Amino acid sequence: MTTANTEPKAHSHGLGQIPVSKLDTHGSHDVNDFPIPNGREEEWRFTPLRRLKGLHDWKGTADGTDETVVDAPEGVTVETVGREDERLGTAGLPVDRVIAQAYSAFEQATVVTVPRSLVSDKPITIDRKGLGGTAFEQLVIDVQPLAEVTVIITNTGSGVRAGSLDVHVGEGAKLNLVSLQEWDSDAVEVSQHNARVGKDASFKSVIITLGGDLVRLSPRVSYTGRGGNAELYGLYFAGDDQHHEHRSLIDHNLSNTRSRVDYKGALSGAGAHTVWIGDVIIGEGTEGTDSYENNRNLQLTDDTRVDSVPNLEIFTGEVQGAGHASASGRLDDIHLFYLRSRGIPEEEARRLIIRGYFLDIVNRIDDQDLRDHVMEKVERKLAAHE
Amino acid sequence: MTKFEIRGLRADVLISEDERQEILKGVDLTINSGETHAIMGPNGSGKSTLAYAVAGHPRYEITDGEVLLDGENVLEMEVDERARAGVFLAMQYPVEVPGVSMSNFLRSSVTSVRGEAPKLRQFSKELQGAMKNLAIDPSFAARGVNEGFSGGEKKRHEILQLELLKPKVAILDETDSGLDVDALKVVSEGINRAQNENDMGVMLITHYTRILEYVKPDHVHVFADGRIAESGGPELAQVLESEGYERFVKVGA
């Protein structure tokens, strides 16, 4: 099996194109293939459509601008290309109307190519500052075989943004992707990250969502060779009236592939709402899949709303490991008891546990300075809520 | 000289918001410094509840009786105050706290109990020495508290904390369960070392006599149906070893 389970495929009984999985969403690059959502659809039922600022029933002209600075080590090419470039949209189809809208309307795209065997300690940094308005964007990161690199995307500023990030991790290559959503409090972002992970390749994604009014990110992974490994980590912290939504899908369309999904969130203040949807498909005829997904949510105040939905669909008996866990609630009183039973006063114990909760994900970032930067942002947000 | 007294202690386990069950039905026990008391009994007799109730675990509520440490009412103290006053509980199932590093946790704990922050270099030397004594690999200091530790590793770390915090009285809840013989020896040596160093009283809760070969009890108590059913010297352990707890289970039933 080489095609992804999330793409339509010819059925052997001649029934034409049918979905393989219930989690299958037919994708398309064309916005007209998706009806305008009314909010009751499975993929939209958690998202407040009225706060999308018109993205879901777009009629206007994209007028937004960004100030983007890309810093890449020698040997890496960064190109600005037009719609006709055939490298665009090749890692996965848009699976909802907003992402298809972005694909149908973007004018320019960025393609970052890391050539074969290039191993760089210096990361590629993409600092994007939104200067308001609405913009549709496409970014491609092509990490060619045996290359090893870190890409750090930092989103700041204001505006309404939608688009796709298409990632190719070639055979034996390694990509560490960090994406920081540090938007201003009025910003809206709806994005889909599509990753194709090659033979014996490794893809690690760390998504840190702290800002914005509404952020909806859909990281999706499929494999192009056996031995591929994908790790998706996420940290989100929704304050007053913030909506943070993360919808991951791992498609184990090939044998001997591994995935780990670990997303941790915190919520504090009236109207804070987080959504985590974790879909995993273990494809028909595959064997040796090793998969685990976990979501934790820490509700620091009572007036918050958490939705956490793990979905696991298995179409084979030859699975090495597959599991999921999800838990949401207040600070664990047993954790508190343990620390306090060692003499640590309650306030300090609370602080240690909450920092530790975030550090568990932040420590997945390899770069110490970046870890410090993220923890400082988290500290500042915590301080505002304590 | 320290005196740790449990008098007429009754406690409920809180099962849900409106469901509770009485587990401790009047426990009386006095432990003087330097003494080791083994509390033995069948599963479900309430041994662990006794340990947790004294430490202030949130799932248990004391309904009657008192616990005194040199005359001070322990039950009126907050959980962390009890530890700072010198009561230590080594748990049967130590809690995993992800993201909080063992070294950070131990330093906070030692600082709180000793009342001042130990000098960093001195503390790191002390910690390394204590870990070495318990055959704990130094890499554990950087890991999350008990995170992904095996059962044996968790027990060693409980004793590591015991040695660093130097309590007046230590309650050891089935510290021997799940340990192989080598680990049992290492852990027992740690308990004996801590006792020799500061003359602490020990309440050693166990289901088996095996650990008593290494940690010698002065007194042995049989715990059944929420109270001490019989007390004696070390010889009582031998009787229990050959006869089992059957006699006491019947009493409770």
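The figures here come from the full heavy-atom set of this structure, side chains too, leaving out hydrogens, waters and symmetry mates. Please read all numbers here as calculations on a predicted model, not as lab measurements. A, B, ... follow the sequence lines: proteins, then strands. Residue 1 opens every chain.
- Heavy-atom contacts from other residues, nucleotides or ligands closer than 6.0 Å to CZ of A:R330 number more than 12.
- When heavy atoms are compared at a cutoff of 4.5 Å, B:V145 approaches chain A solely by way of its side chain, counted from C-beta outward.
- Salt-bridge annotation for B:E81 and A:R340: absent, with no side-chain N of the basic residue lying under 4.0 Å from a carboxylate O of the acidic one.
- A salt bridge links A:D333 and B:R59; the closest N-O separation between the charged side-chain nitrogens and carboxylate oxygens is under 4.0 Å.
- Looking only at side-chain heavy atoms (C-beta outward), B:V95 and A:I334 come within less than 4.5 Å of each other.
- Of the listed residues (B:G99, B:A83, B:P94), the greatest number of heavy-atom pairs within a distance under 4.5 Å of chain A belongs to B:G99.
- Taking a 6.0 Å sphere around CD of B:E72, one finds it holds 12 or fewer heavy atoms contributed by other residues, nucleotides or ligands.
- Rounding to the nearest 0.5 Å places CD1 of A:I344 at 5.5 Å from OG of B:S112.
- The most heavy-atom pairs under 4.5 Å with chain A, out of B:V87, B:V113, B:V97, come from B:V97.
- Atom CZ of A:R350 sits in a sparse spot, with 12 or fewer heavy atoms from other residues, nucleotides or ligands closer than 6.0 Å.
- Put simply, CG on A:L339 and OG on B:S109 are 8.0 Å apart, with the number rounded to the nearest 0.5 Å.
- Within 6.0 Å of NZ in A:K264 there are more than 12 heavy atoms belonging to other residues, nucleotides or ligands.
- Here the shortest heavy-atom pairing between A:D360 and B:E147 reads OD1-OE2, 3.8 Å.
- Residue contact with chain B, scored on non-hydrogen atoms closer than 4.5 Å, is absent for A:N363.
- Nearest heavy atom pair, residue B:A55 against residue A:F337, reads O-CE1, 3.7 Å.
- A 6.0 Å sphere centred on NZ of B:K125 holds no more than 12 heavy atoms belonging to other residues, nucleotides or ligands.
- Counting heavy-atom neighbours within 6.0 Å of A:Q368 CD, excluding the residue itself, gives a total above 12.
- Distance check, rounded to the nearest 0.5 Å: CZ of B:R82 to OG of A:S341 gives 11.0 Å.
- By the 4.5 Å heavy-atom criterion applied to side chains, A:H335 and B:V100 are not counted as neighbours.
- For A:Y357, the part lying near chain B is the backbone, with the side chain staying farther off; criterion is any non-hydrogen pair under 4.5 Å.
- The distance from the OH atom of A:Y338 to the NE2 atom of B:H57 is 12.0 Å, given to the nearest 0.5 Å.
- With a 6.0 Å radius and a threshold of 12 heavy atoms from other residues, nucleotides or ligands, A:D121 has its CG atom at or below the threshold.
- Note: B:L164 CG to A:R342 CZ = 11.0 Å, rounded to the nearest 0.5 Å.
- Using a 4.5 Å cut-off between heavy atoms, B:P167 does not touch chain A at all.
- Atom CZ of B:F105 and atom CG of A:L352 lie 9.0 Å apart (nearest 0.5 Å).
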